[in-house]
K.L.:
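Below is one structure. I have some questions about it.
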Number of protein chains: 2
Amino acid sequence: MARDPGVRREAILGSAAALFANKGVAATTVRQIADEVGILSGSLYHHFDSKEGMVDEIMSAYLEDLQTRFRHVLARATDPRQRVHNLVVASLEVVEAHPHAAEIYQNDVNYLLQFERFAYLKNAGEEVRNTWLQVIEEGIAQGAFRGDLDAKILHRLMRDAVWLSVRWFTPSADYTITHLADDCTSLFLDGLTTAR
Amino acid sequence: MARDPGVRREAILGSAAALFANKGVAATTVRQIADEVGILSGSLYHHFDSKEGMVDEIMSAYLEDLQTRFRHVLARATDPRQRVHNLVVASLEVVEAHPHAAEIYQNDVNYLLQFERFAYLKNAGEEVRNTWLQVIEEGIAQGAFRGDLDAKILHRLMRDAVWLSVRWFTPSADYTITHLADDCTSLFLDGLTTAR
DNA sequence: GTCTATATTGCGATAGAC
DNA sequence: GTCTATCGCAATATAGAC
């Protein structure tokens, strides 16, 4: 604890997160995690109470970051277009900061929600939803966004499109997450069509 | 076999698909499937060679239907806007016809791709991708779609948004999959903004 | 076609030496 | 903090009676 606060813990969590994301939580064994780290499976239980304990830490950190960023977006008042863009940017940034956790959430929410321990995943999902809804409905109310499309539908389409970028997007030097964010916002707000 | 060609098989596959979709393939046990059907787990092996055998049948039927529909869309030549719409409709229809399989694919592709048996999932994914790409690039080439957005990015955003509707959309009398398809197409092509 | 019964393997987790 | 060793259990799958 003195000079090595939790380096080993972090290493374990990193390996575990990668395995959980790639193979699924249920299909990943504690022995595989231990192998990756270079220790024996029993030794993991000095650091964590259980496999689910590892998942818990990974997901908690992810969701706290996510919620913080989403609250900041709501707190900053600007025009509707900019607010949608800020939500897109916040989503992409948190996914970039926690890529494994984001993928675990995408793949394994249903599975994890079977454990009472992970009930908080539901709350986080609802907060994300409410944030999107608020931004969209505000835009409609102000006349900036079309009123003929249901906000609940719109929120799902945009949210999922952005979220799932974790499965395919890897930033490069000439196409960064800023570029992707701009393109997402532009597609959602302006559409694909040229002439009108 | 005479008058009961495969009713029981179908019942088993139905229960299995629902469980796989809700809890994940790896986390679903053959005992749970057997319980659901009202037989003992050993009896399942009279109908299927293994748990993966069941997944295989579920996913094969889904992907064949999907590929057939996507090929039909490509075969029918119309304007780019209509073609994008047709892809959206085809996606939503196949998801409606195989809701469990669609969800299994979303949640468990990575897991399933670990088995050689499921290598065909990769091919199907690529065919879907290529179909979207062809339609989008055609639209750009014809000047109907904006050329400043990369087709590969666009395809992913639209495809994932439509695909993931399987997680939240349940058709009702006054909001059917036709309505959802219209709204998807309208959002993607016209955008959310009112004034320009 | 389903049952009983069980083989076999691999899992999560623990106890205690070092 | 990691190892050795292992417990207890649940998983997939099989064999053979009915």
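Letters A, B, ... are given to chains in the order of the sequence lines, protein chains preceding strands, and every chain is numbered from 1.
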K.L.:
Please give, in whole Å, the distance from C:dA13 P to A:D49 CG?
P.N.:
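Rounded to whole Å, this separation is 8 Å.
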
K.L.:
Calculate the interatomic distance between B:L44 atom CG and C:dG1 atom P; express it in whole Å.
P.N.:
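My rounded result for the distance is 14 Å.
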
K.L.:
Rounding to an integer number of Å, can you tell me how far B:Q32 CD sits from D:dA11 C1'?
P.N.:
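Value for this atom pair: 11 Å.
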
K.L.:
Salt-bridge test for A:R69 and A:D65: reply yes if a basic N is under 4.0 Å from a carboxylate O, no otherwise.
P.N.:
yes

K.L.:
Give me, pair by pair, the N or O atoms of the protein and of nucleotides 7-9 of chain C that are less than 3.5 Å apart, along with how far apart they are.
P.N.:
none

K.L.:
Just to verify, what does A:A124 make a side chain to side chain contact (heavy atoms under 4.5 Å, CB included) with, not counting sequence neighbours?
P.N.:
A:L63, A:Q67

K.L.:
Could you tell me how far apart A:D35 (CG) and C:dG12 (P) are, to the nearest whole angstrom?
P.N.:
12 Å

K.L.:
Got A:V37 and A:R8 here, is their nearest side-chain heavy-atom distance under 4.5 Å?
P.N.:
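The answer is yes; the side chains approach within 4.5 Å.
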
K.L.:
Would you say B:Y45 places a side-chain N or O within less than 4.0 Å of OP1 or OP2 belonging to D:dA13?
P.N.:
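Yes, because at least one side-chain N or O of B:Y45 sits under 4.0 Å from OP1 or OP2 of D:dA13.
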
K.L.:
Could A:D190 and A:R81 be called an ion pair, given the rule that one side-chain N must be under 4.0 Å from one carboxylate O?
P.N.:
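Looking at A:D190 and A:R81, the cut-off is met.
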
K.L.:
Any sub-3.5 Å donor-acceptor pair from A:H179's side-chain atoms to A:T176's backbone N or O?
P.N.:
yes

K.L.:
Check the interface with nucleotides 2-5 of chain D: list each N/O to N/O pair with the protein under 3.5 Å, or write none.
P.N.:
residue: D:dT2; atom: OP1; partner: A:R8; partner atom: NH1; Å: 2.2
residue: D:dT2; atom: OP2; partner: A:H47; partner atom: NE2; Å: 2.7
residue: D:dC3; atom: OP2; partner: A:L40; partner atom: N; Å: 2.7
residue: D:dC3; atom: OP2; partner: A:S43; partner atom: OG; Å: 3.3

K.L.:
Testing the basics here: between B:W132 and B:H155, what is the closest heavy-atom pair and its distance to 0.1 Å?
P.N.:
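Where B:W132 meets B:H155 most closely, the heavy atoms are CB-CD2, 3.5 Å.
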
K.L.:
Counting distance only, does the side-chain N/O of A:R83 pair as donor-acceptor with the main-chain N or O of A:I136 below 3.5 Å?
P.N.:
no

K.L.:
Give the rounded distance in Å between these two atoms: CD of A:E52 and P of C:dC11.
P.N.:
15 Å

K.L.:
Counting distance only, does the side-chain N/O of B:T194 pair as donor-acceptor with the main-chain N or O of A:G143 below 3.5 Å?
P.N.:
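Yes.
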
K.L.:
Without decimals, in angstroms, what is the distance between A:L19 CG and C:dG12 P?
P.N.:
12 Å

K.L.:
Expressed in angstrom and rounded to an integer, what is the separation of A:F20 atom CZ from C:dG12 atom C1'?
P.N.:
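Those two atoms, CZ and C1', are 12 Å apart.
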
K.L.:
Does the A:Q82 side chain pair with the main chain of A:D79, one donor and one acceptor, at a distance under 3.5 Å?
P.N.:
no

